[in-house]
Amino acid sequence: MPSRNQFQILAYYRFTPIADPHAEVANHKQFCEGKDILARVYISEMGINGQMSASQKDAAEYIAWMEQHPLFKGVEFKVQPYHEHVFPRLTIKYRKQLVALDSEVDLTQGGEYVTPQQWKELLDGDEEYVLLDVRNDYEWKVGRFKGAELPPCENFREFQQFAEDLKSKIGKKKTPVLMYCTGGIRCEVYSAFLKARGIENIMQLHGGIIKYGEDVGSDHWQGKLFVFDDRLTVPVSNGETEMIGTCHHCGTNVEAYYNCANMKCNYLFLCCPACLKAHEGCCKTECAQSDRLRPYHQQNPHKPFRKWYHYFQEHSKELKDKRQNDQKD
Ligand SMILES: [Zn+2]
Ligand SMILES: [Zn+2]
């Protein structure tokens, strides 16, 4: 009988100097060609950041291949079984920055690694700490550690200001700063940035929320984990958690994300079924007037990214014809 979980979802990264990242992109492409692998892999002069879904066989082959690779030996893979692919295609690309930050940071001077078990103990304890979530706001909105703050990571100037304010708030107390993200890569960069600005006592959750869920469970966590693939939001573990996401329109508790039906907007927002229908899949009234509107009922709450992609594939000609006709009118 075929297993229900015939695929593996891999998440991994490594910061290491890569002399010729374009050659490494080609090398990766060559390996993946003809295999049952879909992915988003980014390679820069500074390292690799990858997410992948693959058949069990090809996932094992990829991991073994990476282990033989002089640059990637010993990379830690977070592996989750799943019943289907979660990426729309195989994307392996050069990207200048693996984590967007408009500043040079010394990645060897990041925060101290904390295992998921140690992380739980820190959160269990009575000692004072500052808890920072360095992901995007839409990730934070649907799930986070209780009491976590969301620094303005998307705006570098604001983040610099945040770092200065944090430093004066902490002062001489050396209050520990606990930092986490989905899989750990963002913490490497943001913890190094904060340390360079004089915040000394930083601890980063090693392996991120993914590893924490696997090793510890859902203690201190609320809501769901946002992931950048077709699953969109997933439980951190089998444990129960309270829902914290709220509908963008009416505030009801929800955990389903949609991309705005206006393709020119495409804003990602949490929405309840009633509001989705009432606003025809749009994030705001103006969007419903757009000339590039996806029919709202075509959106699949579980796969907005893929739907969006397929929608363009299937309807791009139709949309082009429609636009040309509109222009004639
Ligand atoms: Zn609503
Ligand atoms: Zn919109």
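Here, residue 1 is the first one in the sequence, and each next residue gets the next number. These numbers come from the heavy atoms of this one structure, side chains and all, not from hydrogens, waters or symmetry mates. Whatever order the structure lists ligands and atoms in, that order sets their numbers, starting from 1.
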Would you please indicate if the ring centroids of H220 and Y212 are separated by under 6.0 Å?
-> no
Between K169 and D165, is there a salt bridge with N-O shorter than 4.0 Å?
-> no
Look at the rings of F31 and W65 and say which category their plane angle falls in: under 30° parallel, 30 to 60° tilted, over 60° perpendicular.
-> parallel
N/O/S atom of H249 inside 2.8 Å of the Zn ion (ligand 1), strictly under = no
For the pair D291 and K264, find out whether any cationic side-chain nitrogen is under 4.0 Å from an anionic carboxylate oxygen.
-> yes
The Zn ion (ligand 1) to nearest N/O/S of C271 below 2.8 Å | no
Metal check, the Zn ion (ligand 1) vs H248 N/O/S, cut-off below 2.8 Å = no
Round to 10° and report the angle made at the Zn ion (ligand 2) by SG of C260 and SG of C265.
-> 110°
